[in-house]
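These notes are about the structure you will find just below.
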Amino acid sequence: MEEKRILSRREFIKLSVVATVGAATAACQPQPTPTAAPKPTTAPAATSAPAATKPPEPTKAPAATTAPAATAAPASKYKEAPMLADMVKAGKLPPVDKRLPDNPWVAPTLESVGKHGGMIRRAYKGVSDRWGPTKLVDRGFVWFDKNLVMKPRLAEAWTVNANGTEWTIKMRKGVKWSDGKEFTSADVKWWWENFVNNKTIVPGGPQAEFGAGVSGTPPKPATFSFPDAYTVSLKFEAPKPMFINLIGRAGMWMPGHYLKEWHMDLTSDKAGLEAKVKAAGSASWDRYFIDDRRWWWANPELPSLGPWTAKEPLGKDLHVMVRNPYFFGVDSAGNQLPYFDQVTHRLFSDNNVFNLWITNGEIDFQARHVSSAAADFTLYKQGEAKGDYKVVRGISAGHLAVQLNLSTKNDKLREFFNARDVRIGLSYAIDRNKLNELVYSGLATPRQYSPISASPQYYKKLSEAHIKYDVAEANKRLDAAGYKDKDAQGFRKFKDGTTISFTMEGTDNIGTPAEDAYQQIVKMFAAVGVKCAYKYVERALFEQHWGANEIEAAVWGGDRTVLPLVPEAPIFRGTMLDRPWAAGYGRWFMDKTHPAAVEPPKDHFIRKIWEIWDKVAVEPDPAKQNQLFFQILDIWAEELPMIGVLGELPSFCIVKNGLKNFLAGFPNDDTTGDEQVYNSETYFWEDPSKRPAV
């Protein structure tokens with residue numbers, strides 16, 4: 001597959017240096033070799049991922065050109081963390097050779113083989129912020145290499161037929177759950193039959209990732225088969241050439257040997273389960289199963305496969321994760337991973353408190369919640385010596401953007417928002433350069449929401465569409481849309497004579513840099529006669545509002561722009577509802593019976609987007625996928641469904657001095673696991689004794 005450069009030195013230089021402080025940051029971390037991103041990561045037609053080999057040098061690249069299996073570490077040369085070796089000596093744990101699979105995953109390391117021991121300290125905002133802890137452990141059958149090409153991980157290999165309708169995943173023999181029980185295809189079968197296809201637990205049936213069919217109708221689920229204990233086969237009714245991309249962070253398995261006792265159809269003690277459900281205060285067994293028992297972060301008893309397991313449910317003041325002694329991966333020298341003994345997440349609610357922890361040296365490794373605002377960056381830089389850390393820079397996939405809900409239940413606003421000239425006029429009303437200087441000291445890029453310039457799907461036409469600050473053009477467009485009349489205060493009127501007014505909801509609290517930016521946008525809209533306000537809402541309430549389509553507009557940005565095709569471009573299709581530019585329309589597309597579903601007009605441009613995506617989704621040729629996707633971006637450039645403001649923001653990561661195998665220039669995007677993109681189990685301390693576990 002031809003590859004295209006994604007993280008070139010030139011592209012990152014402006015994000016890696018800022019005036020006089022740039023050299024210091026660059027010196028703190030080795031600069032990465034420029035990495036490359038593939039065109040959409042699909043397995044080529046009728047090719048196979050070869051079974052893992054066992055060469056003398058375990059890190060030697062296999063000759064195969066597609067989905068190569070990870071190489072194997074030498075047998076009987078595995079080493080383990082001292083804390084585990086002590087448990088083995090005490091008879092509390094089997095020897096490491098008995099805990100690892102026959103052919104362990106050999107994890108790539110960016111700098112060197114590491115050292116066992118120590119802990120890292122992080123922070124989080126509670127259960128609703130669980131993505132910080134989960135992204136440490138949720139990589140699945142496959143994951144990206146440093147070039148953002150999908151490779152086998154928990155899987156040993158995969159094969160796919162010519163049109164992408166038949167996939168076979170070969171599992172590693174001897175992988176074990178964190179409780180020591182073997183992980184086999186039976187665990188995938190249990191998940192598929194007793195969870196996904198249980199109508200009590202999942203009334204709607206399998207999620208879209210595991211189905212295929214005609215767009216706008218429920219996808220027909222794949223047919224699963226299990227030829228042996230280490231093979232899973234899927235057959236789709238329609239081509240699914242990008243399926244492998246969808247399971248990088250999707251766990252298509254469950255520990256049935258544990259969960260069966262929490263499943264009313266399978267438990268040996270129904271009365272006992274009912275009593276436990278009642279004691280937990282849950283409404284029913286299925287709610288308890290869905291909300292609690294199946295999640296490692298809510299139920300520490302749950303056997304898991306990740307590098308660390310939870311010691312207690314998420315939500316505590318200090319959430320502690322400890323190494324999984326049965327983790328299936330090793331480094332090229334045969335050291336069982338992870339390197340860190342422990343990971344902690346400390347609870348906070350105020351970003352100022354979090355920033356204080358950073359500058360005091362109480363955060364060891366974190367990009368999540370680390371602000372990109374100029375004032376905070378200055379604070380972080382000034383605290384480097386005291387806090388014994390460096391501010392390491394990457395590039396963020398996120399954008400500052402305004403979502404006008406084109407499907408809002410307010411009839412007058414829906415008509416107003418759906419006028420193309422209104423959206424384009426409001427885009428011209430935003431002084432992006434002013435906002436960039438005010439909030440990000442000029443480090444961001446004025447642009448529409450679109451694939452970033454380092455992406456193989458970068459599209460200049462959309463990125464630069466209608467981003468010029470031009471008040472005259474803004475007024476001209478708004479007038480042309482039919483909203484020329486104004487009230488006594490100078491605000492434009494609806495066609496019935498009442499004043500136009502709407503609320504933009506967001507989760508950035510009062511006093512934060514992002515909230516400052518939103519208030520500036522409110523003033524810029526007012527300058528062209530459009531009255532609106534920004535309203536902070538707690539995230540759970542925000543989710544309720546977009547979930548019920550009870551939201552007029554939002555300023556929840558946009559990401560998934562490094563490799564937008566990997567998650568199936570949900571923001572571009574309007575199906576990622578928490579970016580609610582089409583909350584009701586997207587809901588209708590996925591579930592026409594949902595109370596919040598709103599059918600789009602027959603001639604609405606979103607229908608054309610869906611129609612083109614149907615072609616993208618079944619096209620096995622990556623080059624043709626791109627060309628089809630660009631047709632969707634053409635629609636975005638013409639219609640401007642979402643008003644982008646700034647993008648390609650710097651992404652700062654706090655990295656304690658002495659932490660290794662994490663490099664500057666990282667792509668920060670949800671699709672690639674944020675700062676965990678380079679396999680967090682391979683990060684290590686140069687001197688673990690200085691960072692003892694609690």
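Below, all heavy atoms of this structure are taken into account, side chains as well, without hydrogens, waters or symmetry copies.
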**Fill in**
Residue set satisfying salt bridge (charged side-chain N to carboxylate O under 4.0 Å, His left out) with Asp670, at least two apart, ordered chain then number -> Lys135, Arg249, Arg560

**Partners meeting side chain to side chain contact (heavy atoms under 4.5 Å, CB included) with Leu577 (sequence neighbours left out)** = Trp546, Arg587, Met590

**Message:** Which residues pass the ring-ring contact (aromatic ring centres under 6.0 Å, His included) test with Phe328, not counting sequence neighbours?
**Reply:** none

**Asked** So, Glu156 side chain and Arg172 main chain: donor-acceptor pair closer than 3.5 Å or not?
**Response** no

**Request:** Look only at the side chain of Trp253 and the backbone of Phe183, and say whether a donor-acceptor pair between them is shorter than 3.5 Å.
**Result:** no

**Message:** Tell me if the NZ atom of Lys79 is crowded by more than 12 foreign heavy atoms within 6.0 Å.
**Reply:** yes

**Request:** Output every pair passing salt bridge (Lys or Arg N to Asp or Glu O under 4.0 Å) with a member in residues 683-694, not counting sequence neighbours, ordered by first then second residue.
**Result:** Asp388-Arg691

**Complete:** ring-ring contact (aromatic ring centres under 6.0 Å, His included) filter on Phe327, not counting sequence neighbours, yields none

**Request:** Answer whether the closest heavy-atom distance between the side chains of Trp105 and Val175 falls below 4.5 Å.
**Result:** no

**Complete:** Hits for salt bridge (charged side-chain N to carboxylate O under 4.0 Å, His left out) against Glu182, two or more places apart or cross-chain, chain-then-number order -> none

**Request:** Could you tell me which residues satisfy ring-ring contact (aromatic ring centres under 6.0 Å, His included) with Tyr326, sequence neighbours excluded, listed by chain and number?
**Result:** none

**Message:** If we ignore hydrogens and angles and just use 3.5 Å, is the side chain of Arg293 paired with the main-chain N or O of Asn299 as donor and acceptor?
**Reply:** no

**Asked** Is there a donor-acceptor contact under 3.5 Å linking the side chains of Lys125 and Asn351?
**Response** yes

**Message:** Which residue is it: Arg122, Arg130, Arg121, His319? I am looking for the one with a side chain to side chain donor-acceptor pair (under 3.5 Å) to His345.
**Reply:** Arg122

**Asked** Going by heavy atoms in the side chains, are Phe243 and Phe210 under 4.5 Å from each other?
**Response** yes

**Asked** Without hydrogens or angle criteria, can the side chains of His369 and Asp129 be said to hold a donor-acceptor pair below 3.5 Å?
**Response** yes

**Asked** Got a sec, which residues hit side chain to side chain contact (heavy atoms under 4.5 Å, CB included) with Ser284, two or more places apart in sequence or on another chain?
**Response** Asp286, Arg287

**salt bridge (Lys or Arg N to Asp or Glu O under 4.0 Å) contacts touching residues 252-263 (sequence neighbours left out)** = none

**Asked** Is there a side-chain contact between Trp685 and Asp364 (heavy atoms, below 4.5 Å)?
**Response** yes

**Asked** Short question: side chain of Ser185, backbone of Ala229 - any donor-acceptor pair under 3.5 Å?
**Response** yes

Distance-only criterion, 3.5 Å: show the donor-acceptor pairs between side-chain atoms of residues 300-317 and protein atoms not counting sequence neighbours.
from, atom 1, to, atom 2, distance (Å)
Glu301, OE1, Tyr258, OH, 3.0
Trp308, NE1, Phe340, O, 3.0
Glu312, OE2, Val320, N, 2.6

**Message:** Does any part of the side chain of Arg153, heavy atoms only, come nearer than 4.5 Å to the side chain of Asn679, both counted from C-beta?
**Reply:** yes

**Message:** Side chains of Tyr389 and Leu659, heavy atoms from C-beta outward: is any pair under 4.5 Å?
**Reply:** no

**Asked** Any chance NZ of Lys199 has more than 12 other-residue heavy atoms, nucleotides or ligands included, within less than 6.0 Å?
**Response** yes

**Prompt:** Between the main-chain N or O of Thr109 and the side-chain N or O of Thr682, is there a donor-acceptor pair closer than 3.5 Å?
**Reply:** no

**Pair Trp177, Asp187: side-chain N/O donor-acceptor within cut-off below 3.5 Å** = yes

**Message:** Can you tell whether the side chains of Arg539 and Glu543 come within less than 4.0 Å, N to carboxylate O?
**Reply:** yes

**Message:** Can you see whether Asp228 engages Thr231 through a side-chain donor-acceptor pair at a distance of less than 3.5 angstrom?
**Reply:** yes

**Request:** Fit a plane to each ring of Phe662 and Tyr683, take the angle between them on a 0 to 90° scale, and name the class: parallel (under 30°), tilted (30 to 60°) or perpendicular (over 60°).
**Result:** perpendicular

**Request:** Give the ring-plane orientation class for His263 versus Trp190, where under 30° counts as parallel, over 60° as perpendicular and anything between as tilted.
**Result:** perpendicular

**Fill in**
Here the salt bridge (Lys or Arg N to Asp or Glu O under 4.0 Å) pairs for residues 657-666, sequence neighbours left out, are none

**Asked** Sequence neighbours excluded, which residues qualify as side chain to side chain contact (heavy atoms under 4.5 Å, CB included) partners of Ala367?
**Response** Cys653, Phe666, Asn668, Glu675

